[in-house]
Amino acid sequence: MSRRHLGIFTAAVLAAASLTACGGSGDDSAGSGKTLTYWASNQGASLEADKTILQPELDKFEKQSGIKVNVEVVPWSDLLNRLLAAAASGKGPDVVNIGNTWSASLQATGALVEFDDATLQSVGGKDRIVPAALAAAGAPGKPPAAVPLYSMAYSLYYNKKAFADAGITAPPTTWEQLAEDGKKLTKGGKWGLAIEGANPSENAHHAFTFGQQYGGDWFDSAGKPTFDTPQNVSAIKRYIDFMAADKITNPSNAEYAQNQSVSDFANGKAAMLLWQSAGSNLKTQNMPADAYGVAPVPFLASPPAGGKKVNSMVAGINMAVFKHTKNRDGALSFVKFMTSDEEQTILNRTYGSLPAVKTAGSDPAFSATEQKTIQETLVTTAAPLPQVPDESTFETLVGTAMKELFADAASGKPVTEASVKQKLTDAQQKMR
């Protein structure tokens, strides 16, 4: 990431640095003696749920190694900015979870330990890791900047009873069908589709997928942004139109940024959800597994010229180590522990994701419908987001533009191709 583009984050980074200091994750607690500080991403129904899931495993690691791990579960709305703040300041945690789409951007800061062959060998070896997951762990041609931890892809979750009551016999396979089904499902204070409209990263993930289906790209071969092409404009408008034109999404979803869309689906307030590995979250919210179905994300019925058969980004969580750690060996031993067969099975089984190591996939939990759907998508129709230094800037700028468009839709302001193009043009200009 260039200094010019990193400047886009200046205000957020300064605020995040303040959060970091308040959270007690600075030099005093990071990597001192037999202690590690770990920032985990929010994978479950709440920050507290994640802490409950992780703590027994951290206790197990302490018993084995003598190293205590102090964990903080960081919400997705804060995680990228706090990681950038830690990278810029040289202060913060030892070990972190990062969205795999941020790998190249964070690698470009120079703040992360690179996993060359020798370092990979120290945490279990390159050959154990699923190749597609490792490909999303750093820039092409460079050693990975992280090690894959959880593998995921987007799926369509649908409420079986709501579908049956509406006379819908099968999940939609096209966006046109989804919009039509959504209108049948939107009644009586319930809605067809739940969306996380105020979450920039979530928005950007859908921007990528829809863009692929419309034949668009967000960067050219030189890594320069191409945000406001006609293909990308059409792609973004299609997604925003679930609220703006089809009116199958509750306008309140324009303010959702903390997994509220998953809660709406779990509580029967919405009949469909596009999400990564939602099963464990739904279970935590008391939605029985037999109450919903899981299907591949739809495609366009008639894709335009150049449209690609892509219905998910290669999603996942990677584990990285900051160079500023005072306990590099301990940090790497913790990465090795978390990516061991035993922990990969325990954690991915709990979260409903897929193991990032080949040898941990034999557990029966990974043969359930949800995991089979995720696996099929990852193998056949998922594509990695561009592993370029400015990818995280893309997520922030385009995702925020979409947040603003959802706010327009929620307020009744028309969302037109011209207004979408203007938002994307403004975002692209901020990259220059």
Side-chain angles (χ1 to χ4, degrees), residues 41 43 76 79-80 97-107 115 120 126 128-157 199-214 216-219 223 235 239 274-279 294-299 307-320 339 344 347-348 351-358 360-361 366 370-392 394-395 398-399:
S41 51
Q43 302 301 127
W76 284 104
L79 186 55
L80 178 58
N97 285 3
I98 66 175
N100 66 356
T101 62
W102 305 336
S103 295
S105 296
L106 291 168
Q107 183 175 36
F115 286 82
L120 277 174
K126 178 179 180 180
R128 297 179 63 247
I129 303 171
V130 175
L134 193 60
K142 295 183 178 180
V147 175
L149 185 64
Y150 312 128
S151 291
M152 296 176 285
Y154 278 89
S155 300
L156 172 67
Y157 295 79
N199 186 322
S201 289
E202 187 73 14
N203 285 338
H205 296 166
H206 294 298
F208 171 76
T209 298
F210 277 79
Q212 292 282 289
Q213 292 192 16
Y214 275 87
D217 286 303
W218 295 95
F219 294 90
Y239 186 58
L274 298 166
W275 206 257
Q276 306 173 39
S277 304
V294 186
V297 171
F299 295 94
K308 303 178 184 70
K309 198 168 180 62
V310 171
N311 64 347
S312 177
M313 35 84 79
V314 176
I317 307 302
N318 294 342
M319 201 170 192
T339 57
Q344 281 283 286
L347 292 171
N348 283 283
Y351 284 127
S353 47
L354 293 175
V357 299
K358 302 172 186 176
F366 304 126
E370 180 181 29
Q371 282 65 45
K372 284 183 176 178
T373 302
I374 294 169
Q375 180 64 34
E376 181 67 17
T377 296
L378 286 172
V379 170
T380 60
T381 54
L385 271 84
Q387 287 292 327
V388 298
D390 289 322
E391 194 284 329
S392 63
F394 150 73
E395 288 197 26
V398 171

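Surrounding NZ of Lys358 are more than 12 heavy atoms belonging to other residues, nucleotides or ligands, all under 6.0 Å away. For NZ of Lys142, the number of neighbouring non-hydrogen atoms (other residues, nucleotides, ligands) closer than 6.0 Å is 12 at most.
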**Study point:** Stepwise side chain to side chain contact (heavy atoms under 4.5 Å, CB included) test for Leu120 and Val147
**Key:** CA-CA 8 Å; Leu120 277 174; Val147 175; 4.2 Å; yes
Check your understanding: Stepwise, does the side chain to side chain contact (heavy atoms under 4.5 Å, CB included) test hold for Leu354 with Val130?
Key -> CA-CA 10 Å; Leu354 293 175; Val130 175; over 6 Å; no
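Between Tyr150 and Tyr351, the ring-plane angle classifies as perpendicular under the 30° and 60° cut-offs. The aromatic rings of Phe210 and Tyr239 are tilted relative to each other, their planes meeting at an angle between 30° and 60°.
Distance NZ/Lys372 to OG1/Thr377: 14.0 Å, rounded to 0.5 Å. With values rounded to the nearest 0.5 angstrom, Ser392 atom OG is found 11.5 Å from Leu385 atom CG. In this structure, CZ on Phe366 lies 10.5 Å from CD1 on Ile374, to the nearest 0.5 angstrom. Note that the CD atom of Gln387 and the CG atom of Asn100 stand 7.0 Å from one another [nearest 0.5 Å]. We find the CD-CD1 distance between Gln107 and Ile98 to be 9.0 Å, quoted to the nearest 0.5 Å. The distance from atom CG of Leu80 to atom OG of Ser41, rounded to the nearest 0.5 Å, is 12.5 Å.
No donor-acceptor pair under 3.5 Å is formed between the side chain of Gln213 and the backbone N or O of Lys309. Judged by distance alone, the side chain of Gln276 and the main-chain N or O of Ala315 form no donor-acceptor pair under 3.5 Å. At least one donor-acceptor pair under 3.5 Å links the side chain of Trp218 to the backbone N or O of Ala207.
Considering all non-hydrogen atoms of both residues, Ala136 and Asn318 come closest at O-ND2, 3.0 Å. Taking every heavy atom of both residues into account, Gln212 and Ala383 meet most closely at OE1-CB, 4.4 Å. Between Asn348 and Pro355, the closest heavy-atom pair is ND2-CA, 3.5 Å. When all heavy atoms of Val294 and Thr373 are compared, the pair lying nearest together is O-OG1, 3.8 Å. Considering every non-hydrogen atom in both Ser353 and Met152, the closest pair reads CB-CG, 3.6 Å. Pro389 and Ser105 get closest at one heavy-atom pair: O-OG, 2.7 Å.
Side-chain atoms of Glu395 and Ser201 form a donor-acceptor pair, as typed in the model, at a separation below 3.5 Å.
With contacts defined as side-chain heavy-atom distances shorter than 4.5 Å, the pair Phe394/Val388 does not qualify. Within the 4.5 Å cutoff, the side chain of Trp275 has heavy atoms near those of the Glu202 side chain. Within the 4.5 Å cutoff, the side chain of Lys308 has heavy atoms near those of the Asp217 side chain. Annotation: side chain of His205 is in contact with side chain of Thr101 (closest heavy-atom distance under 4.5 Å). Leu134 is listed as a side-chain neighbour of Pro144, based on a closest heavy-atom distance under 4.5 Å.
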